[in-house]
Each structure stands twice: as structure tokens, then as C-alpha cells.
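Order of listing sets the numbers, starting from 1, for every ligand and every atom in it. For the numbers below, each heavy atom of this structure counts, side chains included, while hydrogens, waters and symmetry mates do not.
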Amino acid sequence: MNVLVINCGSSSLKYQLLDMSTEEVLAKGLAERIGIEGSVLVHEAPGQEKVKFEQPMKTHKEALNILMAALVDPSHGVIKSLNEISAVGHRTVHGGEAFSASVVVNDAVIKSLEECSELAPLHNPANLIGIRACQELLPTVPMVAVFDTAFHQTLPGEAYMYPLPYEMYTKYKIRKYGFHGTSHKFVSAEAAGLMGKKIENLKLISCHLGNGASLCAIKNGKSIETSMGLTPLAGLEMGTRCGDIDPAIVPFLVSKGYTVQEVDTMMNKQSGVLGVSGISSDFRDVEGAANGGNKRAQLALDIFHYRVRITIGAYVAAMDGVDGIIFTAGLGENSSTSRQAICDHLKFLGIKLDPVANSNRGKAMIISAEDSKTTVMVIPTNEELMIARDTLSLVK
Ligand code: AMP
């Protein structure tokens, strides 16, 4: 059974076609600059050369048309007909309080997603466009929505409620939702396997450290705390996002003449590692500059490592202990120096890294020393596989 996984951004579309009998990726690709000049779709299948389609794609539906033609193309295709796609799984960012698990898409689900769009104005409308376009092109194929927020619906009230007047929650649904749930769920399940223990008996902290970054405390398999909030702006310092700051900074900047929109753009797109270093939002560039002696680049990294560390400390308190810490996503999987810098100050947890194991990249493995009291692991995340698994289980 083949499952197509679709991840629509406002001007991009990522996809993977997986054969779920083996969980093998048959083909994958990325369309960028949809709706603007210079649209391009790059399609690849294992063992074959990449194929690049440089042609106008005014809408996500046009990009989907190109990718579906690529999937069945006699020379670089991987299936004979679109009938070989049994289901489509859609990465969907915000499910609000309506969805605590993945769901088969129907009219009621679409209506709920429209209602959640206010909470994720950059993401949910794009996800909906992808769902609608797929429904038009594959009208008989079941679609499943897999939510970034769903895994965190187990947060207790004291973790998800903000201490604002209670009516802000009842009127506007202002609360912590959390994101990266598909990734945190996937790596925590893999970590339990690596530790040879049941997830129901473990206290884990998952550190998803990429361009967007969040931490999650997972107690007995359930998310009980996470660092992103109503939106993905909260929590850690990120590539371009500021994470947690004193909320009074916003009205202060407005009093200095910035518009609310300008402050919003500043916090989302001009802050974080980019804003502090003045160099780049990409951790590789910033690590390179710091190694070359650039002090602001070093400060940007120090803030990042410090914030991850103190958040780990807070989550140990939230769970009254920790058995395992997981590093995942671009930086978490690849930067041994960042993992070392974060763990160096976690000796109070009895954490000791094995320098040889920690020098590995992108492989699922334990990187703590044998006598470390807490197990530290690198687990490559695989959100597409998680989406495909959820999709399969719902349509089977
Ligand atoms: P993601 O959002 O998960 O794709 O992660 C992207 C981030 O991971 C970018 O800031 C990259 O610079 C960072 N990253 C990827 N590989 C490395 C590496 N080898 N060392 C440091 N950072 C890396």
C-alpha cells in the first residue's frame, strides 16, 4: 500500500511517496516559489538522477499536477498509475483543541481546520489548499490530516493555561498548544526502543533543534510540557525567532513608534540567532563565524545552548526526574559541539557524554557514556514516516 505524504507551506510543497509494506521511500521532492516567479519542482527517486521542473506553478494544484505526472512518468516515475496511491497524509500545523489525534478528512474536519486558521495564519490556510487540491486530483483517495499540535493535547491545565484573565481562553482559545508534535512523538517512541524499555515507564525530554526549535517533556509516553505556545514563536531562541521575551517589550517598542506588524515581523523573522549574530539564521554559518572569533556569533550560540539547558532543567522538575534526553532535527542530529555545550552543564543529572559516540552524525544511537545516570541519544526525526504510519492506520 502506497501513501503519499504532503506538506504544504505558503509557497512550497514537500512530498514523499512511501511503500508502507516496507516503509521504503519510493520518491520524494520539493516544489518552491509556488505563485511567484521562478517556480521549480525537484523530484528524486532512490537510485535515479534528480529531475528538475522549472515552469510556472501559479497554485499548489499546478505543483501537485506536476508531481503526480512525475510519479507516473515512464522514464523517472515510480508507479504505473495514480491508482497505486492508496491514501494521502497531510501535515497539518494547527488542530487547536478539536483534534488530539490524526483524523480522516471530511467536510466537518475541513470546517474545523478553517476555524483553526486564525491560530496559525501562516500555515493552516496553506495546508487547506493542499488538502483541497489533492481532493480534486484524487477524488476517491482517502485523506488524513496529521496535526503538529495533537501530541500536546495531553498537557495538564497548569502547563497549557496562561495566567491571563480566564475569558481570554474561553473567548479566543488563547492557551499553549505546542508544535513539532509529530517529531516529538516519533523520536520518543524510537528512544524507548533504543533504551530497550517501555515508553509507559519512561521520563524523556525531546530536543527538536532545527531552524524552528522546541523541547518536549514526555512522561509515560504523553506530552506533559513543551516550549512553543499559542504560536511557534514561543520558547527557545531559533533561527530567526526570538522565543520567550518579556511581553512588555512589545508595547514598549510600539511606544517607540514601531507598528504592531513591524514588531511581529521583528520577533518572527529578524531575531533569534540571525538577530543576535547579525550573520545568518543558519547554525552552520554561525558556528563557522564563532569558530573564527566572531563574538556576536558566539553569543548567539551561547544564548541558544543556555536556553536549551535551563529548559531541560525545568522539564526535569516538571516530571520529577528524567531517564533519557533526545537530540533531533538539523542541529540536534548533526552538531556534536552543540550537544556537548548543552550537556556540559548537566552534570547534576549525572550526564556524561561518550566523546566518540557524540562525534557521530545523523544516526540513531546512544551518545552518553556507560556510567551516565541519564541516557542521552541522537534520533533522526522522520515526520513523513510518522504521518504515513498514522495515515495507514486510519484508512486500513
Ligand atoms: P531543520 O530545520 O531541522 O532542517 O534544521 C536546520 C538547521 O540545522 C540549520 O540552521 C542548519 O544550519 C542546522 N544544521 C544542519 N546540519 C548542521 C551541522 N552539521 N552543524 C550545525 N548545524 C547544522
Review point. Got a sec: does the OH of Y306 have more than 12 other heavy atoms crowding it under 6.0 Å?
Key: no
Point to revise | Sequence neighbours excluded - side-chain hydrogen bond (donor to acceptor under 3.5 Å, both in side chains) pairs with any residue from residues 8-18 | key: Y15-H43
Exercise for review: Pull out every atom of ligand 1 sitting under 4.0 Å from any heavy atom of R361, numbered as shown with elements.
Suggested key: 19 (N)
Review point. Taking the six-membered ring where the residue is Trp, are the ring centres of Y162 and Y169 under 6.0 Å apart?
Key: no
Check your understanding: Hey, does M143 have a side-chain heavy atom less than 4.5 Å from the side chain of H90?
Key -> yes
Point to revise | Single hit among H94, H208, H152 for ring-ring contact (aromatic ring centres under 6.0 Å, His included) with F179 | key: H94
Practice item. Out of E333, E287, E383, M238, indicate the one that has the non-hydrogen atom closest to atom 21 (C) of ligand 1. Key: E287
Point to revise | Atom indices of ligand 1, in the order listed, that fall short of 4.0 Å to a heavy atom of A329 | key: 3 (O)
Review point. For atom 19 (N) of ligand 1, which of N334, T337, L274, L331 has the closest heavy atom?
Key: N334
Review point. Of all the non-hydrogen atoms in the protein, which one sits nearest to atom 2 (O) of ligand 1, and at what distance?
Key: N211 N, 2.9 Å
Exercise for review: Provide, to 0.1 Å, the distance between atom 3 (O) of ligand 1 and the closest protein heavy atom, together with that atom's residue and name.
Suggested key: G330 N, 2.9 Å
Check your understanding: Does any non-hydrogen side-chain atom of I205 lie less than 4.5 Å from one of L215?
Key -> yes
Check your understanding: What is the nearest protein non-hydrogen atom to atom 20 (N) of ligand 1, stated with its residue, atom name and distance?
Key -> R284 CG, 3.7 Å
Practice item. For residues V146 and T182, report the shortest heavy-atom separation together with the two atoms involved. Key: CG1-OG1, 4.1 Å
Review point. Who's the nearest protein heavy-atom neighbour of atom 10 (O) of ligand 1, and how far?
Key: F283 N, 3.0 Å
Revision key, fill the gap. For G210, the atoms of ligand 1 under 4.0 Å from one of its heavy atoms are 1 (P), 2 (O), 3 (O), 5 (O)
Practice item. For atom 12 (O) of ligand 1, grab the closest protein heavy atom and report residue, atom and distance to one decimal in Å. Key: D282 OD1, 2.4 Å
Point to revise | Atoms of ligand 1, numbered as shown, that sit under 4.0 Å from any heavy atom of S335 | key: 20 (N), 21 (C)
Point to revise | Residues in side chain to side chain donor-acceptor pair (under 3.5 Å) contact with N382, at least two apart in sequence or another chain | key: none
